[in-house]
There are 2 protein chains.
Amino acid sequence: MAETTRHSEPRYGNRPTMKDVAARAGVGLKTVSRVVNSEPGVTPDTERRVQEAIDALGFRRNDSARVLRKGRTASIGLVLEDLADPFYGPLSRAVEEVARAHGALLINGSSAEDPEREEELVLALCARRVDGLIVIPAGDDHRYLEPEIKAGIATVFVDRPAGRIEADMVLSDSFGGAREGVAHLIAHGHRRIGFIGDQPRIHTATERLRGYHAAMTDAGITVEDSWVSLGSTEPERVRPAAETMLSGPEPVTALFAGNNRVTVTAVRVLAGRERPVALVGFDDIELADLLGITVISQDAAAVGRTAAEHLFRRLDGADHSPARVELPTRLIPRGSGELRPA
Amino acid sequence: MAETTRHSEPRYGNRPTMKDVAARAGVGLKTVSRVVNSEPGVTPDTERRVQEAIDALGFRRNDSARVLRKGRTASIGLVLEDLADPFYGPLSRAVEEVARAHGALLINGSSAEDPEREEELVLALCARRVDGLIVIPAGDDHRYLEPEIKAGIATVFVDRPAGRIEADMVLSDSFGGAREGVAHLIAHGHRRIGFIGDQPRIHTATERLRGYHAAMTDAGITVEDSWVSLGSTEPERVRPAAETMLSGPEPVTALFAGNNRVTVTAVRVLAGRERPVALVGFDDIELADLLGITVISQDAAAVGRTAAEHLFRRLDGADHSPARVELPTRLIPRGSGELRPA
DNA sequence: TAGGCCCTGGACAACGTTGTCAGAGGAATG
DNA sequence: CATTCCTCTGACAACGTTGTCCAGGGCCTA
């Protein structure tokens, strides 16, 4: 009778398993496991035989099986908005470094600001049983994470607070930063100051707007509706928004840009104009020093590092109640924010 | 007698399993599996009962176990140099999008240009049994990957060729791009042209240098040793290298920067000088248009997309021999490269 | 009403690893 | 020489899922 093949296709391209190594080395399965994991209690001679078999067969431990058995994946998930965004690159890298220091791998995904996609990604990561999650929220309702967190997946929210759920958070001081930036413009003589920001659904956008209003109110300035524009940060939207504020009988004399993408477009718009217009942007950008752009800088790497360290402290058993860390921002004057009204 | 607890700690914080769901719904294990995987052969009524149990318990399938059983992880690994580098952000994002379209997650790691760290990362990913691997090599010997590739892990090398191993590659035309850039400078009257590049260990660095030499030779110019400087791309090294070339009795009148980091430092150095010096940089950088920097641009997203698509074609069974794809670069004149010698 | 077929559901093994435990053999001790 | 203790090793179960196979019941047809 022919042997029965119960499965349709060979898995893993027929990789050798510990069983194969054991057979070849003439030892028991568990002994191979011990060698692979550098556990004590193996004679040097046995170890050598096993090691030879491993090399000869090209064996590599299957971590999927290991994970199943041990219950820890030694990996964490990072869900952010867009890996291609210059703010998130360094953040992601910082998280990776911390993960690496803890022997963990990083799985990351971009939500593209789509709450559904965020949830899908997060849940996929949970299904993989990542040990922990760092999430830069796109949506504002994270109750779907409740069972996961309860089940033990440590979670830290970054840059924006979690929605309708108790959790650790690491934020930048959006309100304070924007307030400082706008106050800086006011201190240089501006009163008609425009604000171009991200969609109001996004927490940092509204916080920065709140900072703008606070600074204006502090100075006794009444904000006109036409000075504020929220929405997508695509150039196609930001450009006309800026153009509008800068034209008309009573144009603004200064602009506050709500994030790095807005700043970039604003710089382009202003570059094409004769009358100088002051500009302060939230988030630093590469080469901003050469272009003389005054910014409110948040240290993306520090944010990532802080969040990751917090996460691993949790994983290592820290059991304090959910914390909220707020990192300060820094005003870097470079010229564009110090222009006086024409 | 008390029940025996065989294991030290509860895994996964005591997550419910399919068994628990089955018990609660009063059905068999496999039926739950069927519902979870939307397999046919379950009455609507049964399905509803199972679904209710799932929701009530907050069950989520353990993909580790699934992977073990199925042999496919639906994830790919990406090893690059530095996620924080503006060239790799978009590349990584492009890879992610393709992966997503194929239902796969992306695990990535930064090698920090360290061959050992590259190997460590790659092997860790292999141990996780990623279905495929995209590697931007740091080292120049990848024989360690041979057993892995033989065992079925599809691999594509990007940006730099694999060392001592047959494999798919997706490269940019570094030689051609550099040659074109340098020729552009020559066409604008320069003869004394400096080249500042990355470490010679890195393939793209030597290719670009080769392009530089080719263009110079084409124009009948003999390159002086002092015009060429290879090494780390840290500002601390690039800055003095540039300063040296620009001083002395016979300074260069133009610079060719070997990659984006070098370009950035070069721009900073040149900004502090009176005499205008022409500059062409390899890799485009954000805001380069505003700064008027002429560059040789390679489309990072296109490189990533091409590589990922290639990888998935392999995974879907394409069995052609290893291919080598070379993507063209594009010269974007913006002013700095069109300056004539003083 | 009997026979056959299809549809649904469940028992069981297997994926590759690690934790537990017990046994074999040698050294040390009385 | 017998006993104890220790070291090294291997058999076995379990992790949570999916593939295979079989059983039972309902329905249709003759």
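By convention in this document, chain letters (A, B, ...) are assigned in the order of the sequence lines, proteins followed by strands, and residues within each chain are numbered from 1. Since we're looking at a predicted model, the values are computed, not measured.
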Main-chain N/O of B:I136 paired to B:R160 side chain as donor or acceptor, under 3.5 Å: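 Judged by distance alone, no pair lies under 3.5 Å.
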From C-beta outward on [X], which listed nucleotide comes closest to its side chain: [options]?
{"X": "A:V42", "options": "C:dT17, D:dT9, D:dT18", "answer": "D:dT9"}
{"X": "A:L68", "options": "D:dG16, C:dG19, D:dT9", "answer": "D:dG16"}
{"X": "A:N62", "options": "D:dG10, C:dT17, D:dT17", "answer": "C:dT17"}
{"X": "B:R66", "options": "D:dT18, C:dG19, C:dG10", "answer": "D:dT18"}
{"X": "A:T17", "options": "C:dT17, D:dT18, D:dG16", "answer": "C:dT17"}
{"X": "B:T43", "options": "C:dT20, D:dT17, C:dG9", "answer": "C:dG9"}
{"X": "B:R69", "options": "D:dT9, D:dC15, D:dG19", "answer": "D:dG19"}

Atom CG of B:D140: over 12 foreign heavy atoms under 6.0 Å: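 For B:D140, atom CG is not crowded (no more than 12 foreign heavy atoms under 6.0 Å).
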Rounded to whole angstroms, how far apart are [atom1] on [X] and [atom2] on [N]?
{"X": "B:D63", "N": "D:dG16", "atom1": "CG", "atom2": "P", "value": "14 Å"}
{"X": "A:K19", "N": "D:dA11", "atom1": "NZ", "atom2": "P", "value": "12 Å"}
{"X": "B:R128", "N": "C:dG16", "atom1": "CZ", "atom2": "P", "value": "18 Å"}
{"X": "B:R61", "N": "D:dG16", "atom1": "CZ", "atom2": "C1'", "value": "12 Å"}
{"X": "B:R72", "N": "D:dT17", "atom1": "CZ", "atom2": "C1'", "value": "18 Å"}
{"X": "B:R129", "N": "D:dT17", "atom1": "CZ", "atom2": "C1'", "value": "18 Å"}
{"X": "B:L29", "N": "C:dT8", "atom1": "CG", "atom2": "C1'", "value": "16 Å"}
{"X": "A:R48", "N": "D:dT9", "atom1": "CZ", "atom2": "P", "value": "12 Å"}

Full working for side-chain contact (heavy atoms from CB on, under 4.5 Å) between A:F312 and A:V98: CA-CA 9 Å; A:F312 280 101; A:V98 177; 3.8 Å; yes
Along DNA chain C (nearest heavy atom to each residue), the more 5'-positioned of B:G41 and A:M18: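 Final value for this comparison: B:G41.
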First encountered from the 5' end of DNA chain C, between A:S33 and B:T46: B:T46
Polar side chain donor-acceptor pair, B:E81 to B:S111, under 3.5 angstrom: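 There is no such pair between these side chains.
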Between A:N108 and A:S92, a side-chain donor and acceptor under 3.5 Å: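 Yes, A:S92 and A:N108 have a side-chain donor paired with an acceptor closer than 3.5 Å.
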Side-chain N or O of B:K70 closer than 4.0 Å to phosphate OP1/OP2 of D:dG19: yes
Sugar-phosphate, base or nothing in reach of B:R34, heavy atoms under 4.0 Å: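 If one applies the 4.0 Å heavy-atom cut-off, B:R34 turns out to touch a base.
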